[in-house]
Amino acid sequence: VITFSCCFGGGPNIWAITSEERAKHDKQFDSLKPTGGYITGDQARTFFLQSGLPASILAEIWTLSDLNKDGKMDQQEFSIAMKLIKLKLQGQHLPAVLPPVMKQTPVFSPLMSAPPMSLTSMTSIPPLVISAPLVPSVSTSSLPNGTSSLLQPLSIPFSSSNSNSSSSASLAGNSPKIASSDWAVPQASRLKYRQKFNSLDKSMSGYLSGFQARNALLQSNLSQTQLATIWSLADIDGDGQLKADEFVLAMHLTDMAKAGQPLPLTLPLELVPPSFRYITEGNVTFLQAAKQELERQRRLEWERIRRQELLNQRNREQEEIVKLTSKKKSLNLELEALTDKHQQISGRLQDIRSKKQIRKTELEALDKKYDQGITEVKQLQQQLQVWNFLKTEVLVKLLVFPYAGTGISSVHKKSLEKEELCQRLKEQLDALEKETASKLAEMDAFNSQLKVHALSKYLKKKKRLEEERMQEKVQEKLKAEEAVALMRERENNQQLHAEQEKNRQATILRETEQQRQRQLEEDKRKQEQIAKENDGAPTKCMSLSCIKMVTCFLILSGNAVSVSESRNSVALVNYRALYPFEARNHDEMSFNTGDVIQVDEKTVGEPGWLYGSFQGHFGWFPCNYVEKIPEREKSVSPKKALLPPTVSLSTTSAASEPLSPSRSAEQPDHQNTPFSSLNVNTAWQQKSAFTRTVSPGSVSPIHGQGQPVENLKAQALCSWTAKKENHLNFSKNDIITVLEQQENWWFGEVHGGRGWFPKSYVKLLPGRTLIPKIPLPASDILLSSYLKLLSPSLCAACTEYVALYSYSSSEPGDLTFTEGEEILVTQKEGEWWTGSIDGRTGIFPSNYVRPKDQEASSNAGKTGTINKKPEIAQVTTAYAASGTEQLSLAPGQLILILKKNASGWWQGELQARGKKRQKGWFPASHVKLLGPSSERTTSAAPSVCQVIAMYDYMANNEDELSFSKGQLINVLSKDDADWWQGEISGVTGLFPSNYVKMTTDSDPSQQWCADLQSLDTMQPMERKRQGYIHELIQTEERYMDDLQLVLEVFQKPMADSGCLTEGEMGLIFVNWKELIMSNTKLLKALRVRKKTGGEKMPVQMIGDILAAELSHMQAYIRFCSCQLNGASLLQQKTDEDADFKDYLKKLALDPRCKGMPLSSFLLKPMQRITRYPLLIKSILENTPENHPDHSNLKLALERAEELCSQVNEGVREKENSDRLEWIQSHVQCEGLAEQPVFNSLTNCLGPRKLLHSGKLYKAKSNKELYGFLFNDFLLLTYMVKQFVSSGSDKLFSPKSNSQFKMYKMPVFLNEVLVKLPTDPSSDEPVFHISHIDRVYTLKTDNINERTAWVQKIKAASEQYIETEKKKREKAYQARSQKTSGIGRLMVHVIEATELKACKPNGKSNPYCEISMGSQSYTTRTLQDTLNPKWNFNCQFFIKDLYQDVLCITMFDRDQFSPDDFLGRTEVPVAKIRTEQESKGPTTKHLLLHEVPTGEVWVRFDLQLFDQKTLL
């Protein structure tokens, strides 16, 4: 019976070293021939490898046993290592810290007599694998030459059942060791196949699985039967795996079979490996019994663990039930509280509704009261007009007939008498009213007394009271008749006096007219005499009567404005329409741009709405469609709000018509104006409304009340449909004959029909003038003649001018004319002048005309120059000034152009009506120039959009556009995402798009091509967000097209033609293909996200993709740092070689280049990198903080800015970049599966930097090495080609042709430990670098150089380790955010199939990255497979059920370059929930996108914390 030693119960400590073991260890130590009591690391390593343990296990044993960490071993340390090897072979786990008992003096152990544990049970225990592999695979090539015998495994004897002797289970047992020379496998085959075994055992587990061994055996091309026989013979222990000796035996049997030798039925003893010969010598049933016992123990242990897990799960479920019960109670309480609150809110809502109805009723009553008030105000206005008319008549009589004082005095006396009579009658009427009131009061008193007295008394007094009441009625009737008689007498008297007064007024008017005619004739004779005496000079003095007459006219004209003001002063405010508004119902009011609307601001309605009147219509309109007219413009009548103050010479004069009450509204009021203050100059400056105007509110004008015209044609600007029977129908471009004109309505004829139409719907045809049928009244002619006799300053205004341009206007009171017409200017005030043409009078812009004599004087001078006409521009789009030196523009305004700047800004004078002259700068794209001979206009810049320059840019080529920071550029074409075509002041050219930014009126949401229905339902912020996302995706696609274009159009043809050397091509294009690979991953991820959400649907999440992919853009660091050198070389070649220049131009003729040269395309990578932060920032600014993508976008913005800073740092650190490029071309890294790119981004430390370099020597052999220390690894090389000239300063010389080869594998600094010698007094400049299982002892030229190497390696190593630690902590924290989630998603990544092959051997090293926002997990990497089986579990916390998206991405693991993309797929969480509701947890078979092949199997289990979310 086989007995097993048990170390789990009582007895001695298993870690204690016995005296017998110590004696054996000492013998083995002495056999290694120690030097000075120590054996070196190489000696110990060679000896320990004979145990067959993996190198990683041996590295742990070395770390535990090397007590003083000196890289050497004494007898005690060697004994500890041998004890640990023995225990590990027996299946014990290595301790984390060396037990103290192992450092004590050896003791005797009685357990040593017990037989050791069977090796069979040990081999069935899987090898220990640490979480992070520290040791690379060790091959025989790393061992010293000539030590093949050291590879033999140690023999470990075991006792059988019939053996009475015991043996110690040490590495060198008491029984004689079986020499490896007894093994029939040749030595050469053993070395060969042992090396092959090491290359296949990449995980360093010490054995090969059946799958791995099967692939190796299939290469022999033997039959399946032969291979099965070889496997049964070679798998000696029957564990389904092949250890090193078993694999060597299998390959030896394969060679025998291939040589034609028969395979044995049973394995001969000479073919049994020495380490397995104990099996043939002992009882075979021992192996089976050991296996059964081990299996039984494992089963019992598994059942125990399973029971414990089930018990723990039960306890957890019970706790969860208790929590859910308490949560249910709390939710019920909350539901009750919410129900009560709902009832309270419902009651409050009902109260508010009732109050609303009451307020509505009150508002209606107020509206009625307001209407009554308006009616009363109108009546009062009419009365005021009558009184003003009467006062005006009196004033005119006083001014014109001072000699008629006697008649006026008599009239005044009679008027006083009438007033006295009226006063007496009024007193009598008041007395009668008082008496009537007293009687009514007595009647009320009697009525109250009747109610108080008893019924009996009431019956007695009833008859008496009735009699008294009858008497009182009779008396009252008599008094009323008397009052009526008095009233009739008063009315008769008033009528009589009115007729007498009317006759007197008619007599006075006739006398006045006769006197005026006589005065006119006399003044005319005096003027002719004065003109003859002074040869045409203006008369400086005027007769008193003339001055009185002119003053009278000016008084009348100046006062009309005040009358108008008094008429419009009743709580009405004038507003000007900014945009046209069309009424949608009868409560609203329609108007057009520029209309002046009278608004009663006291009328309160819905927020944002005003109530006003326009052209007789009343109604509501939006307040943001109008602007309030400033206070300085309110002195002008609303009908003339846009006109400057002027004296108009109208075709009909109020003074020439009989004064009547119907015209009283236009008469002046001089009640408070003294005559002494009315001099000529001041009166001339006053505002005038002397011209009679027709009310714009005449919706239905009356024929015959307007101004008849002849030979006037107008063209219809748009169609007009008659609204009433007397209106005229016409179509666009119809020619209409105008027959009569009123202020806003004209009467015309077209197609045989006649009717009224709005004059704003037509324009007058050029060359037509108004010919009034009614001649000017004598008063207007008289006034014109008097104006010419005024002072020189006034006469200067009455000059003739010639029109430079045609001017047309739909505003009443404007003077329209065509180019070349002569205009008599009567008044110059500001930039709006008053003039007349053939009887037509009005205002017009002063810069539209020039003096008539200017042309004659210029022709007489014959200076040889032509006077340049001023340029006039009309505003097309609104512009808000951003500073005091700029102009704010409104559509339709006129501007006189003063100066043009090359930056696209013009200076001009704003021709705004009713405002002072304004000068300032404005963008030229907001106006259009008016043509000199017609009204046709040409746009100053027909652009796609407008942008603002953020930086200065100087053109490098002829087809580019230069500009300064802050200039406005009109974009003409955006065909190229990075080079736009623009225009500045007529100069067009290409410019980089990342040098500019959009103006505020360029809304990117308008460029998004989603369906209109979804676009209308979006908030403005979300529309902009989607617009910027769309811009990012579209520009990324165009950028990728440009990268491919450079490769196909320029790089490949230039390489094939041989116009440049390979080095020059590399300097110009650098790593262009790597840029394509980097952006291909980003574009593919964006396309998958767009495809998953739907082509016409919004993209909800994009920050996670940007944050993930921007971290893999390290290729841009190298390109941008080398781009300046490449551009310089390209420019040099172009300047020096004309053929090369012509060749590049020929290549650029490709239509896809759109005329851009190669130099422009080489700038695109730098432009694209700088554009990422701008685009991401725009998306982030339009993403709410509670949006699930907000945190991802912040991270993406950080990484984009970090990448830009790294690129900028790479450009700035040109020396570091040049040295890295020198190393790239002079150091050969052969033997690496992946070739490193030195000038690139490291794994987690940012851009790679060269920290130190120089000569190093091996301490033993004194071999010369050259070390290059980077911030992530140390590279040791040796020289294979000498320098042309000596000297260390030539190491990085461009002229150096030295070449280096890699001496050892790169030493990554997160796995090294650098130490100085143990003897500090030594002067030898030596230091040690420990890297996993290897120690490098290096020497420098001096102590200072050693100090520099040691300090820099230590600092870089600490930085590397700290950065990795922070990265792991950050990833862990992102996964640990549980409180903010509404549920969790359990994900089980099972396997992937048919992945894309990336390695030369047709395989890949795949790993899977699963992410949801900032939460991310990564599976382990599996080597050399296209069908990885991960069985990886992870969980994600859900923040938004409808926004979160699970992303699964496959990569191929690389060491020195970005991981290759193997495919990507996405699954929205909402879709998982929908499927889980009907099926429960599901396993999905997902197809990988953007790759030709690949699938992944994933299982989903969605668990929501609150089950209401599923409803």
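This one's a predicted model, so the numbers in the text were calculated from it and none came from an experiment. Atoms considered below: every heavy atom in the structure, side chains included; atoms not considered: hydrogens, waters and symmetry mates.
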Should Asn729 and Thr721 be marked as a side-chain contact (heavy atoms from CB on, under 4.5 Å) after you check the CA-CA gap, both sets of side-chain angles, and the distance that decides it?
-> CA-CA 5 Å; Asn729 285 306; Thr721 303; 4.0 Å; yes

Can you find a heavy atom in the side chain of Asp814 that is under 4.5 Å from one in the side chain of Tyr807?
-> yes

Across all chains, not counting sequence neighbours, the side-chain hydrogen bond (donor to acceptor under 3.5 Å, both in side chains) partners of Tyr575 are Glu601

Applying side-chain contact (heavy atoms from CB on, under 4.5 Å), run through Trp387 and Leu390 and close with a yes or a no.
-> CA-CA 5 Å; Trp387 283 107; Leu390 295 176; 4.2 Å; yes

To the nearest 0.5 Å, atom OH of Tyr879 lies from atom CG of Leu887 at 9.5 Å

Distance in Å, Glu909 CD paired with Lys919 NZ, rounded so as to fall on 0.5 Å steps | 4.5 Å

d(Phe618 CZ, Ile374 CD1) to nearest 0.5 Å is 8.0 Å

Do Val875 and Ile895 come within less than 4.5 Å of each other through their side chains, counting heavy atoms only?
-> yes

Close side-chain approach of Asn574 and Val599, heavy atoms under 4.5 Å = no

Counterpart residues, side chain to side chain contact (heavy atoms under 4.5 Å, CB included), relative to Thr877 (two or more places apart) = His926

Test ring pair (Phe, Tyr, Trp, His ring centres under 6.0 Å), reference Trp620, set Tyr611, Trp609, Tyr625, output is Tyr611

Looking only at non-hydrogen atoms, find the nearest pair between Val738 and Phe757 and report the distance.
-> CG2-CZ, 4.5 Å

Closest heavy-atom pair, Gly908 versus Phe922, reported as atoms and distance to 0.1 Å, is N-CE2, 3.8 Å

Does the Arg840 side chain pair with the main chain of Thr816, one donor and one acceptor, at a distance under 3.5 Å?
-> yes

Distance, nearest 0.5 Å, that separates CZ of Arg754 from CD1 of Ile736 | 13.5 Å

Side chains of Thr593 and Leu578 in contact at under 4.5 Å (non-hydrogen atoms) | no

Can you find a heavy atom in the side chain of Leu728 that is under 4.5 Å from one in the side chain of Glu749?
-> no

Working to the nearest 0.5 Å, report the span between CG of Leu894 and CH2 of Trp832.
-> 6.0 Å

Between Gln893 (side chain) and Ala890 (backbone), is there a donor-acceptor pair under 3.5 Å?
-> yes

Is a side-chain donor-acceptor pair under 3.5 Å present for Thr375 with Gln372?
-> no

Strictly by modelled atom types, are Tyr579 and Asn592 linked by a side-chain donor-acceptor pair under 3.5 Å?
-> no

Do the side chains of Val626 and Ile597 get nearer than 4.5 Å, heavy atoms only?
-> yes

For the ring pair (Phe, Tyr, Trp, His ring centres under 6.0 Å) test, which of Trp746, Trp745, Phe747 pairs with Trp756?
-> Phe747

Nearest-0.5 Å distance that lies between atom CG in Asp595 and atom CE in Met589 | 9.0 Å

Between Ser590 and Ala583, what is the shortest heavy-atom contact and its length?
-> OG-N, 2.7 Å

Where Ala803 and Val849 come nearest, the two heavy atoms and their spacing | CA-CG1, 4.0 Å

Between the side chain of Ser846 and the main-chain N/O of Trp833, is any donor-acceptor distance below 3.5 Å?
-> no

pair Tyr848-Leu804: side-chain heavy atoms closer than 4.5 Å | no

Would you say the side chain of Ile837 lies within less than 4.5 Å of the side chain of Glu821, judging by non-hydrogen atoms?
-> yes

List the steps, then state whether side-chain contact (heavy atoms from CB on, under 4.5 Å) holds for Val750 with Ile735.
-> CA-CA 7 Å; Val750 64; Ile735 304 300; over 6 Å; no

Does the side-chain contact (heavy atoms from CB on, under 4.5 Å) test come out yes or no for Leu815 and Ile843, once each step is laid out?
-> CA-CA 5 Å; Leu815 180 64; Ile843 62 174; over 6 Å; no

Side chain Thr737, main chain Lys713, donor-acceptor under 3.5 Å | no

Within the distance-only criterion (no hydrogens, no angle test), does the side chain of Thr841 pair as donor or acceptor with the backbone N or O of Ser836 below 3.5 angstrom?
-> no

Considering non-hydrogen atoms only, spot the tightest contact between Trp906 and Ala924 and give its length.
-> CE2-CB, 3.4 Å

Non-neighbouring partners of Ala880 that pass side chain to side chain contact (heavy atoms under 4.5 Å, CB included), sequence neighbours left out | none

Whether Phe591 and Phe581 hold their rings parallel, tilted or perpendicular, with breakpoints at 30° and 60° | tilted

